[in-house]
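Protein chains get the first letters and strands the later ones, always in sequence-line order, with residue 1 at the start of each. Nothing here was measured: the structure is a model prediction, and the numbers come from that model. Below, each value reflects all heavy atoms present in this structure, side chains not excepted, and no hydrogens, waters or symmetry copies.
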Protein chains: 2
Amino acid sequence: MSCEQLFREQLGKKGLRLTSQRKLVLEILHHQEGPVSAEMVYDSVHQLDPQLDRSTIYRTLDLLKEFGIVQQIQSNDRSSYYEHTGTDQPHVHMVCQKCGKIFIADQKLFEKLQKSLEKQLGFIPDWSQMTIPGICETCRQQA
Amino acid sequence: MSCEQLFREQLGKKGLRLTSQRKLVLEILHHQEGPVSAEMVYDSVHQLDPQLDRSTIYRTLDLLKEFGIVQQIQSNDRSSYYEHTGTDQPHVHMVCQKCGKIFIADQKLFEKLQKSLEKQLGFIPDWSQMTIPGICETCRQQA
DNA sequence: CTCTATGCAAAGCTTTTGCACGTTA
DNA sequence: TAACGTGCAAAAGCTTTGCATAGAG
């Protein structure tokens with residue numbers, strides 16, 4: 001099933017509608033590589049539909065997040081980033097504090113940690129929303 | 001060496017000065033249990049010195065962070081939290097996405113993960129700035 | 001006595017909201 | 001044709017900044 005169909009279906013379940021604006025936002029996210037900010041989505045979308053408002057972007061991103069079609073990522077700046085995951089597993093992101101580049105970590109590395117946290121503190125982490133700050137190899141070599 | 005002395009020394013290195021305002025902010029942080037927002041610091045500080053401005057709080061928190069005397073924590077709301085670490089090791093925080101409570105994780109749990117990330121991606125994480133989102137035990141039982 | 005720090009007021013930035021008008025199913 | 005969605009404008013919330021004055025060393 002295509003992403004758009006999935007979106008339409010989920011919207012339908014809640015009595016909501018698939019509009020051209022919602023389609024466009026999803027379309028843009030679909031063609032992005034890696035996480036993008038709401039502002040970046042706006043920029044792309046704006047070129048195709050100059051009328052489309054930022055508020056519509058935010059409202060659409062909220063829905064897509066709710067449906068698990070995109071994941072929201074915390075960054076070190078003040079804004080959120082969004083990544084289209086489709087039917088893939090959500091994954092953990094690492095953000096270089098120097099260059100801002102975002103890396104993706106192997107999910108397996110977190111399995112043991114997850115079990116320990118659950119056992120010790122009863123806390124169940126949601127890795128999909130997590131960002132690990134740090135320094136990437138390139139920036140480290142430059143320093 | 002006391003925190004204040006450490007602060008004064010670090011300030012001195014940069015030709016900066018230890019003012020009564022900076023002392024007060026550090027003092028307040030020192031007597032807090034767990035992480036507090038800039039606004040919470042402001043509230044406490046305000047009772048002792050009603051003149052002291054928010055901008056001074058932010059400027060001071062930046063310095064303290066730079067010196068490693070406090071660590072800044074991302075939360076699930078849009079604001080930052082700060083925790084006095086003094087000479088202790090910085091630690092990883094977990095934030096419950098439902099009740100907003102902040103937990104502290106055992107640093108040992110992260111050692112293996114750290115090695116793997118460094119080996120696989122050349123990425124060196126800065127745990128002191130990391131926050132793990134998730135659901136705490138209490139909220140889970142209520143659901 | 002010099003250079004830094006502060007308070008004040010205003011602006012910045014991302015995100016949210018209220019409302020009248022369009023549009024979808 | 002009844003909800004629902006959109007654009008617009010304004011506001012909200014946290015944080016930053018410019019500038020004149022006050023204060024530390």
Can you give one letter per nucleotide of nucleotides 20-25 of chain C, going 5' to 3': B for a protein heavy atom under 4.0 Å from the base, S for sugar-phosphate only, - for none? ----BS

Pairwise side-chain contact, A/Q114 with A/P125, heavy-atom cut-off 4.5 Å (strictly under): yes

Could you walk me through whether B/H84 and B/Q71 pass the side-chain hydrogen bond (donor to acceptor under 3.5 Å, both in side chains) test, one step at a time? CA-CA 7 Å; B/H84 179 265; B/Q71 62 174 301; over 6 Å; no

Flag, side chain of A/T85 to backbone of A/I69, donor-acceptor distance under 3.5 Å: yes

Taking every heavy atom of B/V92 against every heavy atom of B/Q107, the minimum-distance pair comes out as N-OE1, 3.5 Å

Stretch residues 44-64 of chain B: residues that reach within less than 4.0 Å of DNA chain D through a heavy atom: B/S55, B/Y58, B/R59

Chain A contact limits on DNA chain D, taken 5' to 3' with a cut-off of 4.0 angstrom to heavy atoms: D/dA3 to D/dT15

For B/R54, what residues pass the salt bridge (charged side-chain N to carboxylate O under 4.0 Å, His left out) criterion, not counting sequence neighbours? B/E39

Could you report the tightest heavy-atom contact between A/S79 and A/S37, atom names first, then the distance? OG-CB, 4.5 Å

Non-hydrogen atoms of A/Y42 and A/I57 that approach each other most closely: CA-CD1, 3.8 Å

Evaluate B/K14 against B/E66 for salt bridge (charged side-chain N to carboxylate O under 4.0 Å, His left out), listing each step before the verdict. CA-CA 12 Å; B/K14 302 193 68 178; B/E66 187 183 331; 2.7 Å; yes

Output the residues of residues 29-43 of chain B in contact with DNA chain D, where contact means a heavy atom of the residue under 4.0 Å from an atom of the strand; sort by number or write none. B/A38

Please check this pair: side chain of A/R78 against backbone of B/R78, looking for a donor-acceptor N/O pair closer than 3.5 Å. yes

To the nearest 10°, let me know how far the axis at one end of the helix from C/dC1-D/dG25 to C/dA25-D/dT1 is tilted from the axis at the other, five pairs an end. 40°

Check: B/Q21/B/T56 side-chain N/O donor and acceptor closer than 3.5 Å: no

Counting only N and O atoms by type, is there a donor-acceptor contact under 3.5 Å from the side chain of A/R22 to the main-chain atoms of A/T60? no

Using atom types as modelled and distance alone, determine if a side-chain donor or acceptor of A/R140 lies under 3.5 Å from a backbone N or O of B/G122. yes

